[in-house]
2 protein chains.
Amino acid sequence: MFSLDYRDSKPIYEQIKDRFRTLIISGVIEEGERMPSVRSLASSLSVNPNTIQRAYRELEQEGYLLSIPGKGSIATHSKEADQHRKEELFREIRKNIRELRNLSVTEDELLQLLKEDETVHD
Amino acid sequence: MFSLDYRDSKPIYEQIKDRFRTLIISGVIEEGERMPSVRSLASSLSVNPNTIQRAYRELEQEGYLLSIPGKGSIATHSKEADQHRKEELFREIRKNIRELRNLSVTEDELLQLLKEDETVHD
DNA sequence: ATACTGTACTAAGAAAACTAGTACAGTTTC
DNA sequence: GAAACTGTACTAGTTTTCTTAGTACAGTAT
């Protein structure tokens with residue numbers, strides 16, 4: 001499925017959350033699509049099932065998947081979750097831009113940033 | 001000087017680094033200005049001196065201060081450090097924008113984000 | 001001299017992340 | 001119905017990171 005970066009200071013369960021959130025939001029994993037089972041993903045990532053469970057639990061809280069005991073976990077894609085995530089990303093960007101403004105960054109450089117991958121949607 | 005957020009999952013030494021980096025970059029702490037001593041800051045934040053030492057050591061590695069044994073620590077503001085930090089922030093923003101593009105964010109919303117506090121420089 | 005400075009070091013505590021193993025109830029497959 | 005799945009809950013223990021505590025030393029300022 002994908003690999004982990006053990007040099008990353010970010011916890012494994014966070015890396016897993018980030019990966020799946022991205023995959024679901026981008027549509028690579030479609031709404032209603034089956035997620036790998038807790039045990040199989042744990043096995044293929046050589047990680048403890050509890051760690052996967054934590055990632056899935058938190059993704060479910062965020063609204064990006066639905067776990068049904070006995071059946072499995074499926075990806076969901078609610079407007080609420082998207083809106084929430086959107087605001088989160090906006091906050092981060094605002095904070096970064098605020099710092100950048102003190103680093104003699106021109107308006108053009110910032111605009112450039114927006115246009116860089118304007119057409120890349122995969 | 002400032003206060004810490006103990007609910008924040010971010011380590012104390014990271015919070016301290018972030019605060020001072022911002023203060024130095026924004027010019028609130030000027031180039032060459034004296035930083036609080038390791039012990040006095042530790043005392044006023046009710047934190048162990050080792051924690052401050054770690055924050056200062058890493059800020060020095062980033063190029064935002066200079067520590068001289070016996071004398072103290074002073075803020076520095078090198079072009080290299082700024083450039084490095086700038087690129088770091090750019091990477092983060094790019095990553096966030098890439099995710100936002102999958103969240104049905106309009107070009108206008110992104111432009112709005114850039115212009116929001118265009119005149120706020122404090 | 002005294003009181004500062006940064007730095008280095010060891011030891012221990014506390015918290016977070018991760019692993020290991022077991023168990024249970026529900027679902028799917030045959 | 002049996003076997004093999006599924007998610008979930010739980011306890012226990014390990015590992016890693018963060019933080020504290022305390023001591024020591026050399027250089028600087030007053």
Side-chain angles (χ1 to χ4, degrees), chain A residues 1-21 23-24 29 31-76, chain B residues 1-21 23-24 29 31-76:
Chain A
M1 196 89 195
F2 56 81
S3 59
L4 298 171
D5 182 6
Y6 292 99
R7 291 165 307 178
D8 197 335
S9 66
K10 205 179 282 186
I12 297 174
Y13 73 92
E14 289 281 2
Q15 291 186 45
I16 294 171
K17 279 174 62 183
D18 287 346
R19 284 296 188 92
F20 277 113
R21 194 191 304 103
L23 289 172
I24 293 169
I29 297 180
E31 167 111 38
E33 192 174 334
R34 190 78 178 288
M35 300 280 290
S37 81
V38 170
R39 289 175 180 82
S40 67
L41 182 58
S43 165
S44 72
L45 290 181
S46 301
V47 147
N48 194 280
N50 295 330
T51 305
I52 307 295
Q53 198 180 335
R54 176 166 185 181
Y56 277 17
R57 189 197 322 130
E58 297 190 7
L59 274 177
E60 184 167 19
Q61 284 168 355
E62 285 187 23
Y64 284 112
L65 63 81
L66 184 63
S67 291
I68 302 164
K71 302 196 69 168
S73 300
I74 58 172
T76 60
Chain B
M1 196 88 193
F2 55 79
S3 60
L4 298 171
D5 182 3
Y6 292 99
R7 293 164 307 179
D8 196 337
S9 64
K10 203 178 288 186
I12 296 175
Y13 74 91
E14 289 281 2
Q15 292 186 47
I16 294 171
K17 279 174 62 182
D18 287 347
R19 284 299 188 89
F20 276 113
R21 195 191 303 102
L23 289 172
I24 294 169
I29 297 180
E31 167 110 39
E33 193 175 331
R34 190 76 179 287
M35 300 280 289
S37 80
V38 170
R39 290 174 180 82
S40 67
L41 182 59
S43 166
S44 73
L45 290 180
S46 301
V47 149
N48 194 280
N50 296 329
T51 304
I52 306 296
Q53 199 181 334
R54 176 166 186 183
Y56 276 18
R57 189 197 323 130
E58 297 190 7
L59 274 177
E60 185 167 17
Q61 283 168 355
E62 285 187 24
Y64 284 113
L65 61 80
L66 183 64
S67 291
I68 302 163
K71 301 197 68 166
S73 300
I74 58 174
T76 60

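So you know, we letter chains A, B, ... as the sequences are listed, proteins then strands, and number each from 1. The figures here come from the full heavy-atom set of this structure, side chains too, leaving out hydrogens, waters and symmetry mates.
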If I take atom [atom1] in residue [X] and atom [atom2] in nucleotide [N], what distance separates them, rounded to the nearest angstrom?
{"X": "B:Q53", "N": "D:dA24", "atom1": "CD", "atom2": "P", "answer": "17 Å"}
{"X": "A:Y56", "N": "D:dA9", "atom1": "OH", "atom2": "P", "answer": "16 Å"}
{"X": "A:E14", "N": "D:dT16", "atom1": "CD", "atom2": "C1'", "answer": "16 Å"}
{"X": "B:I68", "N": "D:dT28", "atom1": "CD1", "atom2": "C1'", "answer": "11 Å"}
{"X": "A:E58", "N": "C:dC18", "atom1": "CD", "atom2": "P", "answer": "11 Å"}
{"X": "B:K17", "N": "D:dC18", "atom1": "NZ", "atom2": "P", "answer": "10 Å"}
{"X": "B:L59", "N": "C:dG6", "atom1": "CG", "atom2": "P", "answer": "13 Å"}
{"X": "A:I52", "N": "C:dA20", "atom1": "CD1", "atom2": "C1'", "answer": "15 Å"}

Check B:V47, B:I52, B:N48 against B:N50 for a side chain to side chain contact (heavy atoms under 4.5 Å, CB included) and give me the one that passes. B:N48
With the side chain of [X] defined as its heavy atoms from C-beta on, choose the nearest nucleotide among [options].
{"X": "B:V47", "options": "D:dT8, C:dG6, D:dT20", "answer": "D:dT20"}
{"X": "B:I12", "options": "C:dT5, D:dT19, C:dT7", "answer": "D:dT19"}
{"X": "A:S67", "options": "D:dG7, C:dG6, D:dT6", "answer": "D:dG7"}
{"X": "B:N50", "options": "C:dC18, C:dT19, D:dG22", "answer": "D:dG22"}
{"X": "B:R34", "options": "D:dA29, C:dT19, C:dT5", "answer": "C:dT5"}
{"X": "B:E60", "options": "C:dT7, D:dT20, D:dG7", "answer": "C:dT7"}
{"X": "B:N48", "options": "D:dC25, D:dT20, D:dA9", "answer": "D:dT20"}

Exercise: do B:S43 and B:S40 side chains pair donor with acceptor under 3.5 Å: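 Short answer, no.
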Looking only at side chains, do A:R54 and A:Y13 share a donor and an acceptor under 3.5 Å apart? yes
State plainly whether the residues A:D18 and A:K10 are in salt-bridge range, i.e. N to O under 4.0 Å. yes
Identify whether any heavy atom of A:S9 sits under 4.0 Å from a base atom; if not, whether one sits that close to sugar-phosphate; answer base, sugar-phosphate or nothing.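 Contact class for A:S9: none.
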Counting just side-chain N and O atoms, does B:S37 come under 4.0 Å of either OP1 or OP2 of C:dC4? no
Verify the contact: side-chain N or O of B:K71 to OP1 or OP2 of D:dA29, cut-off strictly under 4.0 Å; return yes or no.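 Yes, such a contact exists.
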State whether the distance check finds a donor on one side and an acceptor on the other, under 3.5 Å, for side chain A:R54 versus base D:dT8. no
Closest-nucleotide mapping onto DNA chain C: is A:Y13 or A:R39 further toward the 5' terminus? I mean the 5' end.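 Its nearest nucleotide being more 5', the pick is A:Y13.
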With heavy-atom distances below 4.5 Å as the criterion, would you say the side chains of A:I16 and A:L4 are in contact?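 Counting from C-beta outward, A:I16 and A:L4 do come under 4.5 Å.
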